[in-house]
There are 2 protein chains.
Amino acid sequence: MIRLILAEDEHLTRSAVATLLGMEEDLTVVGQAATGEEALEAIRAHRPDIAVLDIEMPGLDGAQVAEHVATHHPGTRCVILTRHARPGVLRRALAAKAMGFVTKNTPAATLAQVIRTVHDGGRYVDPELAATALDNANCPLTDRELDVLRQVGPASTADDIAAAVHLSPGTVRNYLSSAMRKLQARTRTEAAAHAREHGWL
Amino acid sequence: MIRLILAEDEHLTRSAVATLLGMEEDLTVVGQAATGEEALEAIRAHRPDIAVLDIEMPGLDGAQVAEHVATHHPGTRCVILTRHARPGVLRRALAAKAMGFVTKNTPAATLAQVIRTVHDGGRYVDPELAATALDNANCPLTDRELDVLRQVGPASTADDIAAAVHLSPGTVRNYLSSAMRKLQARTRTEAAAHAREHGWL
DNA sequence: ACAGGTTGATGACAGCTGTCATCTGTACTG
DNA sequence: CAGTACAGATGACAGCTGTCATCAACCTGT
């Protein structure tokens, strides 16, 4: 019998998926959580075999929880669940030693199968995502350009960014300019949005 | 026996909720859809008593589907499902003659109960939301300011917006300016973000 | 020691943004 | 009818943005 906990902030999805997984012969849901903190608490209390973690949660997110689990609870393996199949999220999840990576577009039956695979020591990455993940290597931006883009918000001025990155405002504008050219964006905001979209952030 | 269809773009949530609702004695799920177009098709084919519609769907969204159903399929009543409990979304849903309004934070059991209520001719609006819906009256923006804000994208220039709204670029900037003052935003992008946050969009 | 790449800074310039005062029509209201 | 509110336009002005050419330090490899 595989014991698991389920962390997901939408109550409807969480209760529905939990019920469905619980109906499988070899799976039992021993705990549920709506936030990252609750997830850690449940893992500490129940020591499950598998933790199914949504990435998008208030407070601690799924990847942070997975990282904590990897170092403090080696008996528990993590499966990450995400809405948006962006490569950047995958990179974060893999860095946090997650063993499974599933989008919310996969049917519930597949999720149960992935849980079994991970429990048996295997790995699983959503195939649609594994393909686009090659974008990662294709990132045309330099480290400094990424540093600067990371600071771009809806109301950030060049001086704000300069202060945050310890550069001159002029230099900031230069890096933004070249990033915009590479990404074919017309404004810094658009460039930052594109970069986040690709998970390069 | 209440016959219903379920439209929701996330496969995992959709299949889980469908299975769960199907386990209720008096409910049966006769169709599922991942887009607005598929939802209309399923409604046309199965003539269900209730259509449970997610607002956030590619193509036609839930409110548009509900509007179409209200005029073309009077035998079907709509229950709207949404992730973000924003008042603007509620207004759109009620304008589209939806009878139920539920967020994804309500447990599955409540959803089943709402479906029964709506089937019996009742109405249901998420209580948390009904409270915040008073924000609606608190919206300080005029119609024109909203028109203009609606067109603000990450790379939109004043001329772009002017062309889209059939106004002079100068006038567009005036409306943006007053909207920014009211929302205490420093840029148009920030103002648009704030407005969307409050569901005033 | 010297050429060449990287990192950063500067100054100049056109164009856009936000802000404000002002001027039209136009519709509503007493 | 006069008064008033409102949608829309215009012009001016400071400040920011994007772009570009240029310059000064550094490493780094030969």
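Residue numbering restarts at 1 for every chain, and letters A, B, ... go by the order of the sequence lines. The structure displayed is predicted, hence computed values, not measured ones.
Put simply, the side chain of His119(A) never gets that close to the backbone of Ile115(A): no donor and acceptor are under 3.5 Å apart.
The separation between Asp160(A) atom CG and dT17(D) atom C1' is 14 Å, rounded to whole Å. Atom C1' of nucleotide dT19(C) and atom CD of Glu145(B) are separated by 15 Å, given to the nearest angstrom. Between the CG atom of Leu167(A) and the C1' atom of dT10(C) there is a distance of 14 Å, given to the nearest Å. Here dT17(D) presents its P atom at 12 Å from CZ of Arg186(B), a figure rounded to the nearest Å. Across the protein-nucleic acid pair, Lys182(B) atom NZ and dT19(C) atom C1' stand 15 Å apart, rounded to whole Å. When rounded to the nearest whole Å, the span between NE2 of His166(B) and C1' of dA7(D) equals 16 Å. If you measure from atom OH of Tyr175(B) to atom P of dG18(C), you get 17 Å, rounded to the nearest angstrom. A straight line from CG of Leu141(A) to P of dT6(C) spans 15 Å, rounded to a whole angstrom.
Within the 4.0 angstrom heavy-atom criterion, only backbone atoms of the sugar-phosphate kind lie near Thr187(A); the bases stay farther away. Residue Thr171(A) is classed as a base contact, given a heavy-atom separation below 4.0 Å to a base.
A donor-acceptor pair shorter than 3.5 Å can be found between the side chains of Thr13(B) and Thr13(A). No hydrogens or angles considered: nothing links the side chains of Ser156(B) and Gln151(B) as a donor-acceptor pair under 3.5 Å.
Glu24(B) pairs by the salt bridge (Lys or Arg N to Asp or Glu O under 4.0 Å) definition with Arg116(B), not counting sequence neighbours. By the salt bridge (Lys or Arg N to Asp or Glu O under 4.0 Å) test, Arg83(B) is found to be paired with Glu10(A), Glu10(B), residues two or more places apart in sequence or in another chain being considered. With sequence neighbours left out, the ring pair (Phe, Tyr, Trp, His ring centres under 6.0 Å) criterion links His73(A) to no other residue.
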Please tabulate, one pair per line, all N/O donor-acceptor pairs under 3.5 Å involving side-chain atoms of residues 58-66 of chain A, not counting sequence neighbours.
residue  : atom : partner  : partner atom : Å
Asp61(A) : OD1  : Ala63(A) : N            : 3.1
Asp61(A) : OD1  : Gln64(A) : N            : 3.0
Asp61(A) : OD1  : Arg92(A) : NH2          : 3.3
Asp61(A) : OD2  : Arg92(A) : NH1          : 3.2
Asp61(A) : OD2  : Arg92(A) : NH2          : 2.8
Gln64(A) : OE1  : Asp61(A) : N            : 2.9

Write out a two-atom table: protein N or O, nucleotide N or O from nucleotides 13-16 of chain C, distance below 3.5 Å.
none

Table of protein N/O atoms under 3.5 Å from nucleotides 20-24 of chain D N/O atoms:
residue : atom : partner   : partner atom : Å
dC20(D) : N4   : Asn174(A) : OD1          : 3.0

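Listed nucleotides dG18(C), dT10(C), dA7(D) differ in distance to Arg144(B); the shortest reach to its side chain belongs to dA7(D).
The CG atom of Asp147(A) sits 11.5 Å away from atom CD1 of Ile161(A), with the distance rounded to the nearest 0.5 Å.
Looking at Glu145(A), Arg173(A), Arg144(A) one by one, the single match for side chain to side chain donor-acceptor pair (under 3.5 Å) with Ser178(A) turns out to be Glu145(A).
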